[in-house]
Amino acid sequence: MTEPILQFGTSRFLQAHVDLFVSEALDAGHALGGITVVQTTSSPASAARVAALAGGAGYPVRIRGLRDGTPIDQTVTCRAVRRALQAEADWEQLRDLMATEVRVVVSNTADQGYLLDPRDDASLIQQPSRVPRSFPAKLVALLLGRWLRQPKAPLSLFPCELIERNGDTLCATVCALAQQWALPAAFIDWLRTHCVWANSLVDRIVSEALLPVGAVAEPYALWAIERRPGLVLPCTHPAIVLTDELDHHERLKLFLLNAGHTFLAERWREDAHPADMTVVQAMEDPHLRPALEALWRDEIVPVFAALGKREAAEAYLVSLRERLLNPYLAHRLADIAQNHAQKKQRRLAPIVALARQLGLHLAQPRLNAALANPY
């Protein structure tokens with residue numbers, strides 16, 4: 001059976017996001033076809049998921065939360081994953097798949113996924129049976145095989161890691177490694193000009209894994225993908241947005257959701273709230289909720305207004321409030337507060353910087369107070 005979508009990663013996020021979208025699109029006749037998932041790590045948890053997925057029988061995704069004020073608690077079966085491989089054990093089969101069947105590549109390899117391994121060197125090309133250790137090196141080896149056997153067939157790559165302009169970043173990493181290995185200039189040009197590396201933003205809270213495979217997720221879901229010539233989508237789905245303004249979608253998530261989370265964590269730390277306080281409890285707190293609403297209204301939405309995006313920001317906030325009030329999601333502020341100082345610089349400082357860049361005279365006292373606090 002031909003499966004045109006190759007997915008690197010078996011995380012619960014992908015199970016309830018990309019994989020579920022493809023499953024629902026397959027039911028409607030709007031998908032390229034099924035998915036082959038690849039385990040790239042040697043963790044026991046990943047191995048157990050691959051073993052469970054290998055049968056192709058499907059797995060449950062439980063959707064729990066609020067939609068338009070109505071509680072949602074339903075279980076759907078995802079049937080998009082038709083085949084499951086382990087890179088170490090199935091490398092030859094994986095090379096053959098990439099060279100012949102695949103039209104779309106999806107990845108979510110976590111924060112360390114683009115790091116290189118010094119043990120991966122050009123000798124891998126002379127020894128094709130050797131399995132590269134890093135994800136970028138695996139891609140170089142697999143894409144070289146594709147170029148040699150089927151250079152004209154379309155290929156789109158969709159990295160889903162939470163990295164700014166993730167498609168451009170992964171392309172640059174792969175091309176630099178190919179140059180380091182002194183691979184043919186024509187191959188490197190093919191990587192840059194023939195392969196379509198999609199920048200995208202993924203957004204869905206997947207709160208819990210089900211064993212041996214499956215996940216619990218909120219109703220809200222978004223996959224915003226930057227429009228590019230030649231792009232081949234894995235499917236069409238209501239949660240997939242093809243856009244010329246990816247930076248706008250990134251700002252909505254960063255400035256409103258991520259900054260809101262970090263502001264609640266800041267107040268939780270400074271005001272000595274209970275250690276196990278959750279986001280929904282914070283949203284129900286008579287002091288924390290008004291402070292968060294004031295932050296959004298007075299310090300962040302005016303920045304969107306200056307960009308001509310006030311209505312979009314306020315519409316996003318409507319759905320965001322429902323997400324933060326999800327009664328089924330035990331999202332602890334203590335977890336959000338991990339690496340708090342760094343998160344403040346990533347999530348709050350850009351709002352202040354953009355306000356200044358736009359020439360706005362916003363006091364932004366809550367944002368500035370949080371940034372002034374080094375802890």
Side-chain angles (χ1 to χ4, degrees), residues 13 17-18 21 67-68 106 108 156-172 196-206 218-264 292-324 343-362 364 366-367 371:
F13 175 80
H17 193 267
V18 175
F21 298 168
R67 183 182 291 132
D68 299 328
V106 176
N108 190 359
S156 295
L157 299 97
F158 295 84
C160 296
E161 293 81 6
L162 294 175
I163 297 171
E164 187 175 359
R165 300 201 68 76
N166 42 23
D168 293 344
T169 301
L170 184 57
C171 176
V196 181
W197 304 80
N199 295 308
S200 71
L201 170 74
V202 296
D203 190 6
R204 183 172 224 172
I205 297 172
V206 183
E218 65 173 338
Y220 179 91
L222 172 70
W223 192 8
I225 300 170
E226 187 175 56
R227 198 187 314 272
R228 289 201 167 181
L231 188 71
V232 176
L233 292 172
C235 65
T236 56
H237 188 276
I240 296 178
V241 175
L242 202 58
T243 180
D244 294 317
E245 296 183 296
L246 185 63
D247 57 345
H248 168 60
H249 293 278
E250 290 172 339
R251 282 196 197 102
L252 287 173
K253 182 174 184 286
L254 180 67
F255 288 12
L256 297 173
L257 170 59
N258 297 140
H261 272 160
T262 292
F263 177 74
L264 289 177
L292 176 61
E293 293 286 354
L295 174 82
W296 285 332
R297 181 187 64 244
D298 300 335
E299 303 187 30
I300 300 178
V301 170
V303 178
F304 284 99
L307 294 167
K309 301 292 187 181
R310 176 186 288 275
E311 289 186 6
E314 290 177 343
Y316 184 86
L317 281 173
V318 172
S319 65
L320 178 55
R321 291 184 184 98
E322 280 205 325
R323 299 174 71 188
L324 300 185
K343 285 180 179 177
K344 286 195 291 185
Q345 291 303 315
R346 290 200 307 268
R347 297 175 172 187
L348 308 185
I351 307 172
V352 175
L354 183 56
R356 290 174 180 167
Q357 179 185 330
L358 293 170
L360 302 181
H361 299 289
L362 286 176
Q364 296 180 305
R366 299 167 188 86
L367 291 174
L371 289 167

| message | Please give me the minimum heavy-atom distance between P350 and R346, naming the atom from each residue. | response | CG-O, 3.2 Å
| message | For a quick test of reading the model, state the closest non-hydrogen atom pair linking C160 to V106 and the distance between them. | response | SG-CG1, 4.0 Å
| request: Could you pull out the closest heavy-atom pair between P302 and W296, with the gap in Å? | output: CD-O, 4.2 Å
| query | Could you walk me through whether D203 and R323 pass the side-chain contact (heavy atoms from CB on, under 4.5 Å) check? | reply | CA-CA 12 Å; D203 190 6; R323 299 174 71 188; 2.9 Å; yes
| query | Can you tell me how far the CZ atom of F158 sits from the CG atom of L233, to the nearest 0.5 Å? | reply | 5.0 Å
| Nearest 0.5 Å, what's the CD-CZ distance between E245 and R251? | 9.0 Å
| For L354 and F255, what are the C-alpha separation, side-chain angles and deciding distance, and is it a side-chain contact (heavy atoms from CB on, under 4.5 Å)? | CA-CA 11 Å; L354 183 56; F255 288 12; 3.8 Å; yes
| said: Can a donor-acceptor pair be found, under 3.5 Å and without considering hydrogens, that links the side chain of N258 to the backbone of R347? | reply: no
| message | Classify the ring geometry of W223 against F21: parallel below 30°, tilted from 30° to 60°, perpendicular beyond 60°. | response | tilted
| request: Determine whether L307 and L358 make a side-chain contact, defined as any pair of heavy atoms from C-beta on separated by less than 4.5 Å. | output: yes
| task | Give the minimum heavy-atom separation between S200 and L246, together with the two atoms involved. | result | N-CD2, 3.9 Å
| field | Worked verdict on V301 versus L317 for side-chain contact (heavy atoms from CB on, under 4.5 Å) | value | CA-CA 10 Å; V301 170; L317 281 173; 3.9 Å; yes
| Under 3.5 Å, side chain of H17 to main-chain N/O of L222, donor-acceptor pair present? | yes
| task | Apply the test side-chain contact (heavy atoms from CB on, under 4.5 Å) to residues L231 and L242: give CA-CA distance (whole Å), side-chain angles for both, the deciding distance (0.1 Å), then the verdict. | result | CA-CA 10 Å; L231 188 71; L242 202 58; 3.7 Å; yes
| said: As an exercise, state the distance from CG of L254 to CG of D247, rounded to the nearest 0.5 Å. | reply: 12.0 Å
| message | For L362, is there any backbone N or O sitting under 3.5 Å from a side-chain donor or acceptor partner on E299? | response | no
| query | What's the spacing between E250 CD and L201 CG if we round to 0.5 Å? | reply | 6.0 Å
| query | Rounded to the nearest 0.5 Å, what separation is found between the CG atom of L348 and the CG atom of L295? | reply | 8.0 Å
| request: Enter the distance from N199:CG to E164:CD here, rounded to the nearest 0.5 Å. | output: 9.5 Å
| request: Quick one: closest heavy-atom pair of L256 and A313, and the distance? | output: CD1-O, 3.9 Å
| said: Determine whether a donor-acceptor pair (N or O, by modelled atom type, separation under 3.5 Å) exists between the side chain of R356 and the backbone of H361. | reply: no
| field | R228 (side chain) donor-acceptor with W197 (main chain) under 3.5 angstrom | value | yes
| Exercise: identify the closest heavy-atom pair between L252 and A312 | CD2-O, 4.2 Å
